[in-house]
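Please read the structure below before turning to the comments.
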Amino acid sequence: TRGSGPHPTISQDSVEVLGHSFPRDDFTNVTPKILAKIGCNLHNQSHHPLWLIKERIKAHFYSSYGGRSGNPLFSVHDTLSPVVTVEQNFDSLLIPPGHASRKRGDNYYLNRTTMLRAHTSAHQSELVRSGLDAFLVAGDVYRRDEIDASHYPVFHQMEGVRLFSNHQLFSKVQNGEDLSLFERGGRRTPQKQETHTLEAVKLLEFDLKQTLTRLVKHLFGEDLQVRWVDCYFPFTHPSFEMEVRFQGDWMEVLGCGVMEQELLNSAGAGNKLGWAFGLGLERLAMVLYNIPDIRLFWSRDERFLKQFRGQDIHRPICFQPLSKYPPLVNDISFWLPDNRESFTENDFYDLVRSIGGDLVEKVSLVDEFTHPKTGRHSQCYRITYRHMERTLSQQEARLVHQQIERASETELGVQGRY
Ligand code: FA5
Ligand code: MG
């Protein structure tokens, strides 16, 4: 049977997704709700906060790491299908059969051999095999989990990989040509793998940590507090997690490490060493834009999405939470000063914000006309008042509105038609 294109479906004997049909078996556990997320590609929707943070990370890597002729060193892959083989997601990363992370209860399987990727690391091996030495992968990943403010069964990761030849790693070291990446008869220690020299691993580890520290300081500013924690992944050794200080606590934002040499050997890059990292885009976006709830990334509410639109991807954004309390709407009309140059719409917007502060959710010009006899120009603005934590009373809104009416006359030289 042919797949049903963009509309994934589950029937009695098959799962149809992205134009392919997968036979069901005793491992199948994807649900229609999860399948409906495939193809949303939030990280590729212009001005979505996940797109915005992806673009900022791309821009940083493009501008900081140029190849020999000035072209970007890292290539970016953000349209790889989230439907992967179990081989890609686990075996290619040396995750053994029966490993806890393969549990049916923690992953979404289409069947015994095909699944929704649980991490962007699923693409490391194929991209290295294709000959790439430095790349980024952005994509949606799927893990069975409960839903609350910080957990959602679909989230987004950015993977980074960089490989080094002997020359690339040691060229900046004095007399570096005498150093080697590999040694025979070595032992695996907490610092390194058996085939690696300590000097190669230390340089690689320094480059990895410096690359990631520069990235997060580029995103969050020099003052961000960063710390490294040792950890374990089957596909890197040594392995680390980076934590950043957020709202008085340490928050894990990424995992990384020196790639297992066996992985590089099987992918045809056995003469090189490499580092890899995988970071959570939601985690970074929640800190950077002050987004309190991971579910908001799936919102189609204009009040959410519009806050991230703008020409400049580097513009600081602080998300204003969507209030559940009802709005109060008040209009204000006035004659503009005869000298039209002395008044601009932005003057009025600033004045409203300075008096109304956070109570003002929105100001818009709803009507304007020129009087046919006097030639005077009139404008009418609609102000939406809303309190974040409680229902605003008519009386409170009225008081603020009257202050705005008075200040418009005294500060902007308009004549009220109140
Ligand atoms: C991994 O997924 C590894 N593949 C990372 C890696 C890549 C290690 C390359 C070494 C080399 P982990 O499960 O810890 O590791 O997830 C990585 C990051 O994804 C976390 O630090 C976090 O930022 C994010 N993340 C993980 N689980 C969630 C979740 N439930 N919701 C939101 N973000 C999450
Ligand atoms: Mg982790």
Side-chain angles (χ1 to χ4, degrees), residues 34 37 42-43 49-50 53-54 57 82 84 88-90 92-95 99-103 106-108 115-125 127-128 134-163 193 204-205 208-209 211-212 215-216 219-220 226-244 246 249-261 263-264 267 273-288 291-298:
I34 289 298
K37 303 293 188 199
L42 298 181
H43 59 291
L50 296 173
I53 197 147
K54 180 195 76 175
I57 295 171
V84 299
Q88 284 175 293
N89 197 81
F90 296 121
S92 78
L93 292 159
L94 314 170
I95 300 170
H99 190 269
S101 66
R102 294 186 183 237
K103 279 205 302 284
D106 291 348
N107 297 281
Y108 287 108
M115 62 186 295
L116 302 179
R117 66 184 163 212
H119 52 178
T120 45
S121 302
H123 301 288
Q124 278 186 16
S125 180
L127 292 173
V128 169
F135 56 85
L136 301 172
V137 180
D140 39 334
V141 302
Y142 299 77
R143 294 183 193 180
R144 289 187 74 182
D145 218 333
E146 85 262 52
I147 298 182
D148 64 24
S150 59
H151 295 88
Y152 200 82
V154 191
F155 60 98
H156 296 73
Q157 286 186 333
M158 172 90 99
E159 192 89 1
V161 167
R162 184 168 182 186
L163 307 187
Q193 298 169 33
L204 201 72
E205 182 182 324
L208 169 63
K209 288 180 172 172
T211 300
L212 291 169
L215 170 66
V216 294
L219 294 174
F220 296 99
V226 171
R227 76 175 185 191
W228 293 99
V229 180
D230 291 330
C231 72
Y232 173 80
F233 297 105
F235 39 96
T236 51
H237 182 75
S239 304
F240 314 96
E241 278 170 352
M242 178 198 267
E243 298 186 343
V244 302
F246 176 55
D249 253 323
W250 291 101
M251 182 180 70
E252 176 202 323
V253 293
L254 63 85
C256 66
V258 177
M259 293 171 81
E260 281 289 347
Q261 201 58 36
L263 190 164
L264 290 178
L273 249 62
W275 55 239
F277 68 82
L279 56 81
L281 290 177
E282 276 86 351
R283 290 269 170 93
L284 293 182
M286 286 170 85
V287 182
L288 191 56
I291 298 172
D293 191 314
I294 199 165
R295 289 167 287 201
L296 280 164
F297 291 101
W298 296 91

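Every number for a ligand or one of its atoms is a count from 1 in the order of the listing.
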* To do: Report yes if some heavy atom in the side chain of Cys256 is under 4.5 Å from a heavy atom in the side chain of Phe240; otherwise report no.
  =>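 Side-chain contact under 4.5 Å: yes.
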* Asked: Do Val128 and Leu264 touch side chain to side chain, with heavy atoms closer than 4.5 Å?
  ->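 They are in side-chain contact.
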* Structure fact -> Hits for side chain to side chain contact (heavy atoms under 4.5 Å, CB included) against Ile34, two or more places apart or cross-chain, chain-then-number order -> Thr31, Tyr108, Leu116, Tyr142, Pro153, Val154
* Asked: Counting only protein N/O/S, how many atoms fall short of 2.8 Å from the Mg ion (ligand 2)?
  ->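 With waters ignored, the protein N/O/S count below 2.8 Å is 1.
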Taking the side chain from [X] and the backbone from [Y], do they hold a donor-acceptor pair closer than 3.5 Å?
X      : Y      : result
Glu159 : Ser121 : yes
Asn107 : Lys103 : yes
Gln88  : His123 : no

* His119 and Phe235: aromatic ring centres closer than 6.0 Å? -> yes
* To do: Assess whether side chain to side chain contact (heavy atoms under 4.5 Å, CB included) is satisfied between His99 and Phe90, documenting all intermediate values.
  => CA-CA 9 Å; His99 190 269; Phe90 296 121; over 6 Å; no
N or O contacts of ligand 1 with protein under 3.5 Å, please list pair by pair.
unit_1   : atom_1 : unit_2 : atom_2 : d
ligand 1 : 2 (O)  : Arg143 : NH2    : 2.9
ligand 1 : 2 (O)  : Gln157 : NE2    : 3.1
ligand 1 : 4 (N)  : His119 : ND1    : 2.9
ligand 1 : 4 (N)  : Ser121 : OG     : 2.8
ligand 1 : 13 (O) : Arg143 : NH1    : 2.9
ligand 1 : 13 (O) : Arg143 : NH2    : 3.1
ligand 1 : 14 (O) : Glu252 : OE2    : 3.3
ligand 1 : 16 (O) : Gln157 : NE2    : 3.4
ligand 1 : 19 (O) : Gln157 : NE2    : 3.2
ligand 1 : 21 (O) : Glu252 : OE2    : 2.6
ligand 1 : 21 (O) : Val253 : O      : 3.4
ligand 1 : 21 (O) : Leu254 : N      : 3.3
ligand 1 : 23 (O) : Val253 : O      : 2.9
ligand 1 : 23 (O) : Gly280 : N      : 3.3

* Could you tell me which residues satisfy ring pair (Phe, Tyr, Trp, His ring centres under 6.0 Å) with Phe135, sequence neighbours excluded, listed by chain and number? =>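 Once residues adjacent in sequence are excluded, Phe135 has no partner under the ring pair (Phe, Tyr, Trp, His ring centres under 6.0 Å) criterion.
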